[in-house]
Amino acid sequence: MTPPRFLYDFRSPDAWLAAERVVRALGTVPEFVPVDLDRLAAGGVGRTADPAALAERAAVLGVLTPRLPDPFPPVDGAFALLAATYAKQIGKVVAFSHALFRQCYAAGRDLADRDTVFLAGAAAEIHPAALVKGAELRGTAGRLRDATAAAAEAGVLDVPAVLAGGQVFHGDAELERAATALAGEPDAV
């Protein structure tokens, strides 16, 4: 059985909502995979969000009350994605990603500010110097490009997305459908 994968870009407010509940919805911890939204077919659709609608959806889902960053939605997530890709390499991507989503969407911190990324790193026990060095490695940039290309090849058009049971499920609203697909797999855990 292929474990489910949760694909996201920090610039997507919907990805934050999905990240807050993906483990509970799927009943397992998926592989967290940062991807570059701008390199997917939809080219940034996931970044558009109405603040009032986001707050309403967060309340319905029972997640943290949004305190949105300026600019909203975030436009520069390059360093954040590279840092998350590095965190994935060292086995800390889930903790790092949750912390960074919360810094951005629940604390209202600017995603482009490296201090925001460093705060998330601290929550995941990653030293700021390690985040900078890891994000600057050519191999890290290559892994992010490869993950994004693999997502596009699998049919991911936008984020958040879950790959489960050989299917792509787009958006926070499809998490339950992804769980059903996982439950239908013969070897699903």
Side-chain angles (χ1 to χ4, degrees), residues 3-20 22-23 29-49 64 66-154 156-163 172:
R5 289 183 285 162
F6 172 64
L7 295 92
Y8 60 95
D9 184 318
F10 296 107
R11 295 172 296 167
S12 168
D14 288 340
W16 163 60
L17 292 176
E20 287 290 337
V22 67
V23 173
V29 179
E31 177 186 356
F32 273 54
V33 182
V35 297
D36 186 349
L37 179 58
D38 289 337
R39 294 180 182 266
L40 295 176
V45 171
R47 283 186 278 150
T48 59
L64 299 167
R67 183 171 164 215
L68 302 177
D70 184 22
F72 178 79
V75 291
D76 181 1
F79 180 69
L81 285 172
L82 290 168
T85 302
Y86 171 70
K88 183 172 174 51
Q89 291 170 232
I90 62 171
K92 297 185 177 199
V93 70
V94 175
F96 174 82
S97 297
H98 277 295
L100 188 51
F101 272 124
R102 289 173 182 168
Q103 285 296 320
C104 185
Y105 295 104
R109 295 186 57 92
D110 182 2
L111 186 61
D113 183 347
R114 285 190 175 204
D115 285 343
T116 301
V117 177
F118 296 151
L119 283 168
E125 300 181 344
I126 307 171
H127 193 279
L131 276 176
V132 171
K133 289 274 189 196
E136 290 176 347
L137 294 171
R138 276 182 285 167
T140 301
R143 279 185 269 290
L144 177 59
R145 275 191 311 275
D146 291 348
T148 303
E153 187 174 305
V156 174
L157 304 173
D158 198 0
V159 294
V162 172
L163 297 176
D172 173 69

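In this structure, OG1 on Thr140 lies 10.5 Å from CG on Leu131, to the nearest 0.5 angstrom. Between Phe79 atom CZ and Thr116 atom OG1 the span is 10.5 Å, to the nearest 0.5 Å. Note: Phe96 CZ to Gln103 CD = 10.0 Å, rounded to the nearest 0.5 Å. Note: Thr85 OG1 to Leu137 CG = 11.5 Å, rounded to the nearest 0.5 Å. One finds the CG atom of Asp9 at 12.0 Å from the CG atom of Asp14 (value rounded to the nearest 0.5 Å). Leu81 contributes atom CG, which lies 7.5 Å from atom OG1 of Thr148 (distance to the nearest 0.5 angstrom).
Looking at Glu20 and Asp172, their side chains never come closer than 4.5 Å, going by heavy atoms from C-beta outward. For the pair Tyr8/Ser97, a side-chain contact is recorded, criterion being any heavy-atom separation below 4.5 Å from C-beta on. Phe6 places none of its side-chain heavy atoms less than 4.5 Å from the side chain of Val29. Side-chain contact check for Leu7 versus Pro160: every heavy-atom pair is 4.5 Å or farther apart. Between Pro30 and Val162, every side-chain heavy-atom pair lies at or beyond the 4.5 Å cut-off. Tyr86 is not listed as a side-chain neighbour of Lys133, based on a closest heavy-atom distance of 4.5 Å or more. In this structure, the side chains of Asp110 and Asp70 stay at 4.5 Å or more apart for every pair of heavy atoms. Put simply, the side chain of Asp38 reaches to within 4.5 Å of the side chain of Arg11, judged on heavy atoms.
Heavy atoms only, all atoms of each residue included: Ser12 and Val159 are closest at OG-O, 3.5 Å. Residues Ala84 and Val93 share a closest heavy-atom pair of O-CG2, 3.6 Å. Considering all non-hydrogen atoms of both residues, Val35 and Leu144 come closest at CA-CD1, 4.0 Å. Residue Cys104 comes nearest to Pro74 through the heavy atom pair SG-CG, 3.7 Å, listed as atom of the first residue, atom of the second, then distance.
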> Stepwise, does the side-chain contact (heavy atoms from CB on, under 4.5 Å) test hold for Leu157 with Leu40?
Replying inline: CA-CA 6 Å; Leu157 304 173; Leu40 295 176; over 6 Å; no
> Is there a salt bridge (Lys or Arg N to Asp or Glu O under 4.0 Å) between Arg109 and Asp115 once you walk through the steps?
Replying inline: CA-CA 9 Å; Arg109 295 186 57 92; Asp115 285 343; 5.1 Å; no
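Looking at Tyr105, its side chain does come within 3.5 Å of a backbone N or O of Phe10 through a donor-acceptor pair.
Within 6.0 Å of CD in Glu125 there are 12 or fewer heavy atoms belonging to other residues, nucleotides or ligands.
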